[in-house]
Novice: 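A single structure is presented below for examination.
Keep in mind the model is a prediction, meaning the values are calculated, not measured.
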Amino acid sequence: MPRPLGELEDAVMTRVWKWNRPVTVREVLEDLQQERSIAYTTVMTVLDNLHQKGWVRREAEGRAYRYEAVSTRAAYAAALMNDAWSQSDNPAAALVAFFGMMSPSQREALSEAVRMVEGDAVRREGEADRKAEADEGGAEGPENPGGPGPGPER
């Protein structure tokens, strides 16, 4: 489970996630400098730390690196929520309290997410059923010469 990102790590990852492409230290630095005074070496160290922690991958480009997110911000948020929920001694009560904190639009987003997950589960069950039926039907072979397919020539 990932630990929550620190303030500066989050500021850097926010840009990497937002841009959704490989980025250089210089690009991140210039964008961060619009909000705060920060040194090139600080941004370089943060990106190196994020690489060491597995949040970004990097590829050499000349004497510099380009960094790219390993996963999405949504996956990061989901992992944090899952970790917080799993630490509860009463997960159902924790969910009820969490849902109670949600705005109507957040609850609607949650309802839509549940519908999507349930739809995926139904789709996967259907695929598994079709695969099982195909496996039971058997392929043409010595044990099942009359199985699906052209069959033996006559």
Side-chain angles (χ1 to χ4, degrees), residues 1-139 148:
M1 168 59 226
R3 287 187 348 227
L5 296 171
E7 180 189 346
L8 190 52
E9 289 175 326
D10 186 68
V12 169
M13 282 305 299
T14 294
R15 282 145 180 89
V16 175
W17 282 318
K18 180 176 70 173
W19 296 334
N20 196 29
R21 61 174 172 76
V23 300
T24 64
V25 172
R26 175 96 29 223
E27 290 173 307
V28 175
L29 170 72
E30 289 173 357
D31 200 58
L32 282 170
Q33 284 179 331
Q34 294 177 25
E35 298 172 3
R36 63 176 86 190
S37 177
I38 190 166
Y40 180 93
T41 54
T42 301
V43 177
M44 184 174 63
T45 299
V46 170
L47 279 163
D48 185 60
N49 290 343
L50 289 166
H51 176 256
Q52 296 300 319
K53 292 177 180 181
W55 287 106
V56 295
R57 68 177 64 90
R58 68 183 180 195
E59 190 170 314
E61 184 176 279
R63 293 179 48 200
Y65 287 108
R66 284 202 173 267
Y67 295 86
E68 185 173 18
V70 171
S71 66
T72 65
R73 182 168 207 108
Y76 167 68
L80 291 177
M81 288 187 289
N82 186 59
D83 186 52
W85 183 50
S86 68
Q87 292 180 29
S88 173
D89 60 348
N90 187 341
L95 283 174
V96 169
F98 179 62
F99 297 156
M101 294 178 203
M102 294 177 139
S103 69
S105 64
Q106 289 171 321
R107 282 194 291 278
E108 180 56 36
L110 175 65
S111 295
E112 179 60 26
V114 168
R115 283 191 291 273
M116 290 169 63
V117 169
E118 287 173 344
D120 283 349
V122 168
R123 182 185 47 78
R124 285 192 303 272
E125 285 176 16
E127 289 172 359
D129 289 346
R130 284 190 296 280
K131 183 180 180 335
E133 289 171 4
D135 290 347
E136 288 173 8

Novice: V16 and A69: which non-hydrogen atoms are nearest, and at how many Å?
Specialist: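 Minimum heavy-atom contact is CG1-N, 3.5 Å.
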
Novice: What pairs meet the salt bridge (Lys or Arg N to Asp or Glu O under 4.0 Å) rule with one or both residues in residues 37-54, with sequence neighbours excluded?
Specialist: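 Matches after skipping sequence neighbours: E9-K53, D48-R58.
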
Novice: Could you work out, with side chain to side chain donor-acceptor pair (under 3.5 Å) as the rule, every residue matching S86, not counting sequence neighbours?
Specialist: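 Here no residue qualifies.
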
Novice: Tell me every residue that passes side chain to side chain contact (heavy atoms under 4.5 Å, CB included) with Q33, counting only those two or more places apart in sequence or in another chain.
Specialist: L29, I38

Novice: Could you point out which residue of V25, N49, V23, V46 forms a side-chain contact (heavy atoms from CB on, under 4.5 Å) with V12?
Specialist: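 By the side-chain contact (heavy atoms from CB on, under 4.5 Å) criterion, V12 pairs with just one of V25, N49, V23, V46: V46.
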
Novice: I'd like to check the side chain to side chain donor-acceptor pair (under 3.5 Å) partners of E112; sequence neighbours left out, ordered by chain and number.
Specialist: R115

Novice: Give a yes or no on whether the backbone of E59 and the side-chain of R66 come within a donor-acceptor separation of less than 3.5 Å.
Specialist: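 Not confirmed, R66 side chain does not pair with E59 backbone.
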
Novice: Using the test side chain to side chain donor-acceptor pair (under 3.5 Å), find all partners of T14 that sit at least two apart in sequence or belong to another chain.
Specialist: R73

Novice: Who pairs with W19 by ring pair (Phe, Tyr, Trp, His ring centres under 6.0 Å), at least two apart in sequence or on another chain?
Specialist: none

Novice: Go through the structure and list residues passing side chain to side chain contact (heavy atoms under 4.5 Å, CB included) with A64, not counting sequence neighbours.
Specialist: none

Novice: Could you tell me if the side chain of L5 sits less than 4.5 Å from the side chain of W55, heavy atoms only?
Specialist: yes

Novice: Restricting to side chain to side chain contact (heavy atoms under 4.5 Å, CB included), what partner residues turn up for V96, sequence neighbours left out?
Specialist: none

Novice: Is it the case that over 12 heavy atoms from other parts of the model lie below 6.0 angstrom from the CD atom of Q52?
Specialist: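 Check passes, neighbour count above 12.
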
Novice: Enumerate the side chain to side chain donor-acceptor pair (under 3.5 Å) contacts for residues 35-46, please, sequence neighbours excluded, ordered by first and then second residue.
Specialist: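 For residues 35-46, and leaving out neighbouring residues, the side chain to side chain donor-acceptor pair (under 3.5 Å) pairs sorted by first residue read R15-E35.
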
Novice: Please list, chain by chain and in numerical order, all residues satisfying side chain to side chain donor-acceptor pair (under 3.5 Å) with Q34, sequence neighbours excluded.
Specialist: none

Novice: Please list all pairs passing the ring-ring contact (aromatic ring centres under 6.0 Å, His included) test where one or both residues lie in residues 83-126, with sequence neighbours left out.
Specialist: none

Novice: According to salt bridge (charged side-chain N to carboxylate O under 4.0 Å, His left out), who are the partners of R57, at least two apart in sequence or on a separate chain?
Specialist: E68

Novice: Can you name the closest pair of heavy atoms from W17 and S71 and give their distance?
Specialist: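 Closest approach of W17 to S71, heavy atoms only: NE1-O, 2.8 Å.
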
Novice: After noting the C-alpha distance and the side-chain angles of E27 and R21, does the key distance pass the side chain to side chain contact (heavy atoms under 4.5 Å, CB included) rule?
Specialist: CA-CA 12 Å; E27 290 173 307; R21 61 174 172 76; 3.1 Å; yes

Novice: Given side chain to side chain contact (heavy atoms under 4.5 Å, CB included), test Y76 with T72 step by step and report yes or no.
Specialist: CA-CA 6 Å; Y76 167 68; T72 65; over 6 Å; no

Novice: Just wondering, do L47 and Y67 contact through their side chains at under 4.5 Å, heavy atoms?
Specialist: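 In contact.
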
